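First listed ligand is number 1; within each ligand, the first listed atom is number 1. Values in this document were obtained by computation on a predicted structure and should not be read as measured data.
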Amino acid sequence: MSITGQSFLRAKDVTPEDVQRIFKRATLFKNAYKNEKKMDHLIDASSLGQKVLALVFSEPSTRTRTSFQMAALRLGLRVVLLDNMAVSSMQKGETVADTLRNVAAMKPDVIAARFDEDPEAYEVVETMDIPVINAGIGMYEHPTQSLLDAFTIMENRGKLEGEKVLIVGDVLHSRVANSNLALLKKMGAEVAYCAPSEFHPKHKDWVDIPHFADRDEAVKWATVIMGLRIQRERHASVGNIGLTVASYRDRFRIGGDQLNHFRDDGILLHPGPVNRGVEFSNYVLSDSRCRILDQVTNGVFVRASLLSYILDLEVQEG
Ligand code: CP
């Protein structure tokens with residue numbers, strides 16, 4: 001496995017074969033948990049030893065932080081959590097980069113890190129001798145989100161090859177969109193986006209990606225609709241983006257009218273947190289094709305699988 005003992009900072013760090021193996025083991029864990037309410041019996045205790053996951057989150061998180069903890073505890077790993085920076089030495093002026101260097105100096109076996117745009121901190125995680133998992137760094141990437149999104153598509157649609165994934169919303173500021181583009185293309189899916197011009201991506205990876213100006217036409221094309229949160233906290237860094245929530249909603253929100261154009265066997269995804277009524281209407285959030293909470297459930301098992309490979313845990317595959 002190419003990621004054993006390695007960091008996972010970008011979707012391109014995994015091969016399609018790695019992705020298939022991660023999914024196979026995530027399914028094993030998910031089924032074991034469903035049938036036996038446990039999965040640590042599948043892990044060889046001697047390979048587990050006293051391994052420790054350190055979580056360093058200097059940006060808010062509900063799903064990613066908690067599901068890494070859930071995944072680690074279900075595997076039998078030990079977890080240390082540094083997420084309340086108000087009581088960390090960052091309050092005394094220590095940088096994120098130095099915080100990461102100091103946590104690494106305590107010798108955890110793997111670190112999962114989330115922080116805002118910070119080139120020095122990014123350089124630290126890129127050169128660290130302990131594996132680091134990108135748990136959402138700035139606007140760069142959120143590769144474990146793309147893994148769990150792809151797993152959810154596979155679970156519901158039976159394949160990734162040839163799937164038509166429509167990304168709707170604030171693509172420009174979205175690390176989730178960047179990782180999904182890289183991973184989904186690698187796995188043979190088609191990707192397109194629908195967004196106001198203010199949210200069009202500028203990175204070269206998006207240059208040849210089809211764009212829909214009309215949301216109804218976009219929805220007709222898609223087998224999977226992936227909504228993205230309007231990331232107001234990132235707009236300040238680029239100045240006034242000149243787009244109100246009301247005007248976004250009028251032209252780009254996915255509501256009941258749009259679902260009339262969506263195929264019966266399609267699915268709707270969103271990485272969360274959802275701004276209810278902005279990206280998706282409440283009607284859409286309760287539609288039977290909506291898989292947002294399944295994504296969250298899958299996040300635990302996909303992250304458990306990823307951790308098991310990075311830490312080289314011996315797993316009874318059956
Ligand atoms: N999807 C996601 O990253 O959610 P959180 O910000 O709550 O972790």
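- A side-chain donor-acceptor contact under 3.5 Å links S67 and R303.
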After noting the C-alpha distance and the side-chain angles of R229 and E279, does the key distance pass the salt bridge (Lys or Arg N to Asp or Glu O under 4.0 Å) rule?
CA-CA 7 Å; R229 186 171 63 85; E279 298 104 19; over 6 Å; no

Could you list the donor-acceptor pairs under 3.5 angstrom formed by side chains in residues 184-191, with sequence neighbours left out?
unit_1: K186; atom_1: NZ; unit_2: V14; atom_2: O; d: 2.7
unit_1: E190; atom_1: OE2; unit_2: K164; atom_2: NZ; d: 3.2

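- Judged purely by atom type and a 3.5 angstrom limit, Q295 uses its side chain to pair as donor or acceptor with the backbone of H270.
- By the 4.0 Å N-to-carboxylate-O rule, R101 lies close enough to E120 to be salt-bridged with it.
- Side chains of T4 and D312: a donor-acceptor N/O pair is absent below 3.5 angstrom, by distance only.
- The contact shell of ligand 1, taken as protein residues with any non-hydrogen atom closer than 4.0 angstrom, comprises S61, T62, R63, T64, R114, H142, Q145, P271, G272.
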